[in-house]
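Here the structure is laid out as structure tokens; the discussion comes afterwards.
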Amino acid sequence: MKDMLKAMRKVLNVHSFIYLFIYLFITGCYTNRIKVTQNNYSIKKFKSSDNWITINAYDNEISYGTLIPIIKINKLYFLNEGIKTFNVEDSNYNIQISHFGKIPINIKNLVVKKGDSIVINAYLKDDPTPISD
């Protein structure tokens with residue numbers, strides 16, 4: 001009987017350890033998430049093994065349709081449908097997200113620390129300024 005109780009305790013200890021591990025794994029990312037919402041963009045920070053900035057651009061006027069943005073990160077421009085995620089160093093970043101005929105969004109002094117994974121969702125509004133020659 002004592003051997004059976006010892007075996008049951010070992011099984012319960014293993015199950016308790018597994019449940020604790022799963023709980024910590026699931027809640028680990030969520031407890032480190034910080035969300036900052038501005039008028040026309042949102043920033044979400046997650047913890048990860050590398051530093052990443054992901055930028056998603058949407059048309060604010062047409063049911064949040066996806067746009068191919070012109071992205072400027074610290075005076076370096078990117079215009080490519082495939083590039084939306086950037087592996088970055090620990091630093092401060094000035095980011096501009098724009099599109100033809102839209103009002104640009106400027107994010108100044110975005111701080112990226114070791115292990116930060118940042119997702120920016122930008123909602124670009126129509127620019128009322130007429131396009132001229």
Less than 3.5 Å apart, any donor N or O on the side chain of [X] or [Y] sitting next to an acceptor on the other?
| X | Y | value |
| --- | --- | --- |
| Asp50 | Ser48 | no |
| Asn121 | Asn56 | yes |
| Asn94 | Asn106 | no |

Can you get from Ile105 to Phe78 by hopping between Ile, Leu, Val, Met, Phe, Trp and Tyr side chains that sit under 4.5 Å apart? yes
Verify the cluster assignment for Val112 and Ile43: are they in a single hydrophobic cluster under the rule of side-chain heavy atoms below 4.5 Å apart?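 Looking at the clustering, Ile43 is in the same group as Val112.
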Verdict with supporting geometry, Asp90 and Asn51, side-chain hydrogen bond (donor to acceptor under 3.5 Å, both in side chains): CA-CA 7 Å; Asp90 301 351; Asn51 298 347; 2.3 Å; yes
For the residue pair Tyr123 and Tyr58, categorise the inter-ring angle as parallel (less than 30°), tilted (30 to 60°) or perpendicular (more than 60°). parallel
Taking the side chain as every heavy atom from C-beta outward, state whether [X] and [Y] have any atom pair closer than 4.5 Å.
| X | Y | answer |
| --- | --- | --- |
| Ile118 | Trp52 | no |
| Ile97 | Tyr41 | no |
| Leu79 | Tyr77 | no |
| Ser98 | Ile71 | no |
| Lys84 | Ile55 | no |
| Ile70 | Phe100 | yes |
| Thr54 | Ile120 | no |

Value rounded to 0.5 Å, distance of [atom1] in [X] from [atom2] in [Y]:
| X | Y | atom1 | atom2 | result |
| --- | --- | --- | --- | --- |
| Asn87 | Ser117 | CG | OG | 10.0 Å |
| Gln96 | Asn74 | CD | CG | 12.0 Å |
| Lys114 | Lys47 | NZ | NZ | 11.0 Å |
| Leu124 | Leu67 | CG | CG | 6.0 Å |
| Leu110 | Lys45 | CG | NZ | 6.0 Å |

Verdict with reasoning, Ile95 to Ile53, per side chain to side chain contact (heavy atoms under 4.5 Å, CB included): CA-CA 10 Å; Ile95 299 173; Ile53 296 177; 4.2 Å; yes
Decide, yes or no, whether a salt bridge links Lys102 with Asp59 under the criterion of side-chain N to carboxylate O below 4.0 Å.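 Asp59 and Lys102: salt-bridged.
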Before giving the answer on side chain to side chain contact (heavy atoms under 4.5 Å, CB included), spell out for Asn60 and Asn40 the whole-Å C-alpha distance, their side-chain angles and the decisive distance to 0.1 Å. CA-CA 8 Å; Asn60 197 38; Asn40 48 3; over 6 Å; no
